[in-house]
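A quick note: this is a predicted structure, and the numbers were derived from the prediction, not measured.
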Amino acid sequence: MKILSVFGTRPEVIKMAPVLRALAREPGVESVACATGQHRELLDQTAAELGVRPDIDLALMRPDQTLNGVTAAAIEALDAVMARVEPDRVLVHGDTTTAMAAAVAAFHRHIPVGHVEAGLRTGDLDQPFPEEFNRRVVDMAANLLWAPTEEAADNLRAERLAGRILVTGNTVLDALELAGERLAADPAPGAELARALPGLDPAKRLVLVTAHRRENFGDGLDEICAALIQLASRPDVEVVYPVHLNPHVRAQVMGRLRGLDQIRLIEPLGYLAFVALMRRAALVLTDSGGVQEEAPALGRPVLVMRDATERPEALRAGAARLVGARAEVIVREAGRLLDGEVHAVAAPNLYGDGAAAERIVDSIMGRPVKPFVAAQASTLAA
């Protein structure tokens, strides 16, 4: 069996790395990895850390590329790859333009598609944009739908899609286990973190920020920056913000926050160093999807700076709270956590048990699979 796995961004390579490792151990499978290069520096750095070496690199990234431009280029390039490789199955992850383009190209060639992290939904095509559209397209094209949670599987069932649905857990938990092993054995990520954050005060509580979503460009990022300025005025807090490489994000964030006391603006970290940083955080503020899964798994409270999330499990459990991109709400809810009005309690994993990749490969090979069942979560209790 020849399997073509396609990825193009840092989150995709993090979550596909465990699947690629499992495929490499599978007798009778020829695994071909294709990177589109939708993101370049972040993709390459993370792939190297996780031991992912693409067999094909399309290098599609261009300065100021539009969504339509990258979509058209990806479909055309991936069509040529599929014609040459002739895979029996194409695997994609999540909701990126790369995933959508690969699913469309495979569908047009009648090649079966497997979707890792299927079924996530906000119900609003504008939130997140264009990811909500992308993942719906992929799910329509796929005949194997690997849902990370039972709720994601319920979304797929409600849409009456033709693909076979299997609850696997999320491969990000597989990746976190691998990261823990690497951090224990390799001093390099710790050294990277120390270089990025010299003189970090261990007596202060670290507030970790990631914000780069397209729907937060403009007013949303302004509100987030205003909230960070207020939080950084607390004498017990140090804010650390690895700033995304997107030029729109960088211009806005650097313009508002550069040079301010107790706000550390740093370059994006490698995956392992970022996991180490999450472990040190007292609080995580994010508009990222993957961080909403990783931080609760590490026992860190999360404020989600979006108006809607496709990962509601942590909200219901109390392990995360939805605050939008509104300075007043962000500051209020962060203060409640930092002042002890609510307390983070380490919880069993809501999103996986480290065996998602094994379940995915077993299902590809036609072996019986016991679905993932989430453990009962502890909460952020008032």
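Atom CG of Leu20 sits about 12.0 Å away from atom CZ of Arg53, to the nearest 0.5 Å. A distance of 11.0 Å separates CG in Asp219 from CD1 in Ile224, rounded to the nearest 0.5 Å. Rounded to the nearest 0.5 Å, atoms OG (Ser363) and CD1 (Ile165) are 13.0 Å apart.
Between Val85 and Ile56 there is a side-chain heavy-atom pair separated by less than 4.5 Å. Between Phe133 and Thr97 the shortest side-chain heavy-atom distance does not fall below 4.5 Å. In this structure the side chain of Leu23 reaches within 4.5 angstrom of the side chain of Leu91, judged on heavy atoms. Contact annotation: the side chain of Ile111 approaches that of Pro87 to within less than 4.5 Å [non-hydrogen atoms, C-beta and beyond]. Gln252 has its side chain out of reach of His248: every pair of non-hydrogen atoms, C-beta onward, lies at least 4.5 Å apart. Proximity of Leu257 to Ile229: side-chain heavy atoms (C-beta onward) are separated by under 4.5 Å at one or more points. Annotation: side chain of Arg359 is in contact with side chain of Asp353 (closest heavy-atom distance under 4.5 Å). Looking at heavy atoms from C-beta onward, Leu245 lies out of side-chain contact with His212 at the 4.5 angstrom threshold.
Ion pairing between Arg157 and Asp154 holds under the 4.0 Å rule for side-chain N and carboxylate O. In summary, Arg135 and Glu132 engage in a salt bridge, as defined by a charged side-chain N under 4.0 Å from a carboxylate O. A salt bridge links Arg121 with Glu159: the closest approach of a Lys/Arg side-chain nitrogen to an acidic carboxylate oxygen falls below 4.0 angstrom. Taking the charged nitrogens against the carboxylate oxygens, Lys370 and Asp362 have no contact shorter than 4.0 Å, which rules out a salt bridge.
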Show your working on salt bridge (Lys or Arg N to Asp or Glu O under 4.0 Å) between Arg264 and Asp201 and close with a plain yes or no.
CA-CA 12 Å; Arg264 301 283 197 101; Asp201 189 345; over 6 Å; no
Worked verdict on Glu12 versus Thr98 for side chain to side chain donor-acceptor pair (under 3.5 Å):
CA-CA 9 Å; Glu12 285 171 285; Thr98 285; 4.5 Å; no
Leu228 vs Arg256, test: side chain to side chain contact (heavy atoms under 4.5 Å, CB included). Steps then yes/no.
CA-CA 10 Å; Leu228 299 182; Arg256 288 292 307 276; over 6 Å; no
For side chain to side chain contact (heavy atoms under 4.5 Å, CB included), just list the numbers for Leu161 and Met140, CA-CA rounded to whole Å, side-chain angles, deciding distance to a tenth of an Å, and then say yes or no.
CA-CA 6 Å; Leu161 299 175; Met140 285 194 295; 4.0 Å; yes
Check against side chain to side chain contact (heavy atoms under 4.5 Å, CB included), Leu200 and Arg280
CA-CA 11 Å; Leu200 195 64; Arg280 292 184 61 175; 3.3 Å; yes
Residues Leu277, Leu197; criterion side chain to side chain contact (heavy atoms under 4.5 Å, CB included); working and verdict
CA-CA 10 Å; Leu277 185 59; Leu197 292 166; 3.8 Å; yes
Chi angles and distances behind the salt bridge (Lys or Arg N to Asp or Glu O under 4.0 Å) call for Asp236, Arg205:
CA-CA 6 Å; Asp236 61 336; Arg205 286 178 290 177; 2.2 Å; yes
Trace of the salt bridge (Lys or Arg N to Asp or Glu O under 4.0 Å) decision for Glu267 with Arg250
CA-CA 10 Å; Glu267 294 300 308; Arg250 292 180 77 82; 2.7 Å; yes
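Residues Ala153 and Ala147 come closest through the heavy atom pair N-CB, 3.7 Å. Between Ala103 and Val92, the closest heavy-atom pair is N-CG1, 4.5 Å. Of all heavy-atom pairs spanning Ala319 and Pro296, the tightest one is CB-CB, 4.3 Å. Listed here is the closest heavy atom pair of Ala101 and Ile75: CB-CG1, 3.6 Å. Residue Ala334 comes nearest to Leu303 through the heavy atom pair N-CD1, 3.5 Å, listed as atom of the first residue, atom of the second, then distance. The shortest non-hydrogen separation linking Pro242 to Phe274 is CG-CE1, 4.3 Å.
Formation of a donor-acceptor pair under 3.5 Å by the Gln262 side chain with backbone atoms of Ala232 is found in this model. Using modelled atom types, one side-chain atom of Arg300 and one backbone atom of Leu298 make a donor-acceptor pair closer than 3.5 Å. Between the side chain of Asp88 and the backbone N or O of Ile3, no donor-acceptor pair lies under 3.5 Å. Side-chain atoms of Thr122 come within 3.5 Å of backbone N or O of Gln127 as a donor-acceptor pair. Formation of a donor-acceptor pair under 3.5 Å by the Glu192 side chain with backbone atoms of Gly270 is found in this model. Checking side-chain atoms of Asn349 against main-chain N and O of Tyr351 turns up no donor-acceptor pair under 3.5 Å. In this structure, the side chain of Asn155 engages the main chain of Gly119 through a donor-acceptor pair within 3.5 Å. Proximity of a side-chain donor or acceptor of Glu238 to a complementary backbone N or O of Leu206 within less than 3.5 Å is not detected. One N or O on the side chain of Arg306 and one on the backbone of Ala308 form a donor-acceptor pair closer than 3.5 Å. Glu333 contributes no side-chain N or O that, together with a main-chain N or O of Val329, makes up a donor-acceptor pair within less than 3.5 Å.
For the 3.5 Å distance criterion, the side chains of Glu313 and Thr149 qualify, holding a donor opposite an acceptor. Thr286 and Thr210 form a side-chain donor-acceptor contact under 3.5 Å, judged by distance and modelled atom types alone. Judged purely by distance below 3.5 Å, without hydrogens or angles, the side chains of Thr9 and Thr96 never pair a donor atom with an acceptor atom.
One hydrophobic cluster, built from ILVMFWY side chains closer than 4.5 Å, holds both Leu285 and Val243. Leu144 and Val138 end up in different hydrophobic clusters when Ile, Leu, Val, Met, Phe, Trp and Tyr side chains are linked at under 4.5 Å.
Counted within 6.0 Å of CD on Glu86, heavy atoms from surrounding residues, nucleotides or ligands total 12 or fewer; the atom is thus considered open. In Arg367, the CZ atom is crowded: over 12 heavy atoms of neighbouring residues, nucleotides or ligands sit closer than 6.0 Å. Counting non-hydrogen atoms of neighbouring residues, nucleotides and ligands closer than 6.0 angstrom, the CZ atom of Arg21 reaches no more than 12 such neighbours.
Pairs passing the side-chain hydrogen bond (donor to acceptor under 3.5 Å, both in side chains) check and including a residue from residues 162-187, sequence neighbours excluded, read Glu117-Asn170, Asn170-Glu293.
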